[in-house]
Amino acid sequence: MNTRHLRRVAVAVSAAALLPLGLTACSDDSDTAASGSGSGADKAASSAPAQETAPMDEPFGPACATVPKDGAGSFAGMAQDPVATAASNNPELSTLVAAVKQAGLVDTLNSAENITVFAPTDDAFAKIPKADLDKLLADRAALTKVLTSHVVGEKLAPTQLDKGSFDTLAKTGLTTSGSGTTYTVNDSSKVVCGNVPTANATVYIVDTVLMPAA
């Protein structure tokens with residue numbers, strides 16, 4: 001009896017000694033699994049594709065870099081003036097401003113409410129042969145039609161240009177296409193500085209004059 005009793009005690013002691021080791025092993029496995037799970041989540045988060053940036057509420061485009069940083073011709077300055085006045089303070093729009101004055105449209109554009117102007121740069125007008133441009137500037141009726149074909153009677157946000165079709169003040173159609181910060185007008189003119197605010201209009205500066213169909 002004593003021998004059997006001693007054997008039972010020895011077995012019990014051995015089992016008690018092994019139990020913490022088993023628990024420690026289980027704990028290590030659990031910690032390793034948890035650690036591995038966390039690493040996987042971190043990797044998944046880091047490898048997840050970044051969401052596309054929504055179109056900005058601020059002006060965008062390569063030509064925006066040429067806009068003065070301060071003064072009346074800056075974005076902040078243009079936002080304080082009606083559109084024809086604002087354009088006159090932008091050095092890249094001097095030909096457009098001269099044409100608007102020649103056509104007698106300064107007051108019309110400055111007094112309009114909530115319009116969008118697709119404003120051709122000086123380089124855009126330079127694409128027109130000089131003889132043709134001189135002839136256009138001398139014909140007030142034709143010049144008025146060309147200029148007002150660049151004006152839509154509502155303020156357009158960039159998202160509306162993705163696949164847009166609008167009526168202009170010249171009663172001509174104007175189409176836009178693109179996305180993000182890259183847009184084309186009438187399949188020919190690129191927006192080079194868009195979403196520029198003025199007191200009464202949103203301006204999209206373009207690289208080609210929009211000529212209405214005859």
Side-chain angles (χ1 to χ4, degrees), residues 59-156 166-174 176 183-214:
F60 60 83
C64 291
T66 66
V67 175
K69 301 300 182 184
D70 50 37
S74 66
F75 292 130
M78 292 178 70
Q80 304 303 313
D81 292 322
V83 64
T85 302
S88 70
N89 294 319
N90 187 312
E92 299 296 322
L93 301 177
S94 60
T95 306
L96 172 64
V97 171
V100 168
K101 291 179 179 178
Q102 183 74 12
L105 292 173
V106 172
D107 290 340
T108 298
L109 294 178
N110 276 349
S111 61
E113 296 183 1
N114 299 323
I115 59 175
T116 296
V117 177
F118 293 88
T121 62
D122 290 349
D123 288 342
F125 279 99
K127 293 179 181 180
I128 302 173
K130 187 177 185 304
D132 293 340
L133 181 58
D134 289 344
K135 181 179 179 181
L136 176 63
L137 292 173
D139 186 338
R140 186 164 180 170
L143 181 59
T144 297
K145 183 174 182 179
V146 169
L147 294 176
T148 52
S149 71
H150 290 72
V151 184
V152 173
E154 61 178 303
K155 279 191 177 182
L156 301 177
F166 312 98
D167 291 328
T168 70
L169 298 190
K171 308 301 181 184
T172 59
L174 182 149
T176 58
Y183 297 98
T184 302
V185 185
N186 285 0
D187 296 323
S188 61
S189 189
K190 304 293 184 182
V191 174
V192 294
C193 183
N195 204 30
V196 179
T198 72
N200 68 324
T202 298
V203 176
Y204 292 88
I205 300 174
V206 295
D207 68 356
T208 303
V209 177
L210 308 175
M211 290 296 189

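FYI, side chains are in, hydrogens and waters are out, and symmetry mates aren't considered; it's all heavy atoms of this structure. Each residue takes its place number in the sequence, starting with 1.
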Assess whether side-chain contact (heavy atoms from CB on, under 4.5 Å) is satisfied between His150 and Val209, documenting all intermediate values.
CA-CA 8 Å; His150 290 72; Val209 177; 3.9 Å; yes

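Among Asp81, Leu109, Val83, the one residue that satisfies the side-chain contact (heavy atoms from CB on, under 4.5 Å) test with Thr198 is Val83.
For the pair Ser189 (side chain) and Thr208 (backbone), a donor-acceptor distance under 3.5 Å is present. A donor-acceptor pair is defined here as one N or O able to donate and one able to accept, closer than 3.5 Å; such a pair exists between the side chain of Ser111 and the backbone of Asp107. In this structure a side-chain-to-backbone donor-acceptor pair under 3.5 Å is missing from Ser74 to Pro68.
Listed here is the closest heavy atom pair of Ala99 and Leu137: CB-CD2, 3.9 Å. Shown here for Gly104 and Arg140, the closest heavy-atom pair between the two residues is CA-NH2, 3.4 Å.
Side-chain contact between Val152 and Asp167 is absent, with no heavy atoms from C-beta onward closer than 4.5 Å. No side-chain heavy atom of Pro197 sits less than 4.5 Å from a side-chain heavy atom of Met78. No side-chain heavy atom of Asn186 sits less than 4.5 Å from a side-chain heavy atom of Met211. Contact of the Pro212 side chain with the Val146 side chain is registered, since non-hydrogen atoms from C-beta on lie closer than 4.5 Å. Residues Phe75 and Cys64 meet the side-chain proximity criterion, which asks for heavy atoms closer than 4.5 Å. Taking the side chain as every heavy atom from C-beta outward, Glu113 and Asn200 never approach each other to under 4.5 Å. Residues Lys101 and Val97 meet the side-chain proximity criterion, which asks for heavy atoms closer than 4.5 Å. Between Asn195 and Val203 the shortest side-chain heavy-atom distance does not fall below 4.5 Å.
Asn110 and Thr85 form a side-chain donor-acceptor contact under 3.5 Å, judged by distance and modelled atom types alone. Between the side chains of Thr148 and Thr144, no donor N or O sits under 3.5 Å from an acceptor N or O. When only modelled atom types and interatomic distance are considered, Thr184 and Lys190 share a side-chain donor-acceptor pair under 3.5 Å.
Listed by first and then second residue, the salt bridge (Lys or Arg N to Asp or Glu O under 4.0 Å) pairs involving residues 119-135 are Lys130-Asp134 (not counting sequence neighbours).
In this structure, Phe118 and Tyr204 have parallel ring planes: the angle between them is below the 30° cut-off, well short of the 60° mark.
Going from atom CG of Leu93 over to atom OG of Ser88 covers 9.5 Å, rounded to the nearest 0.5 Å.
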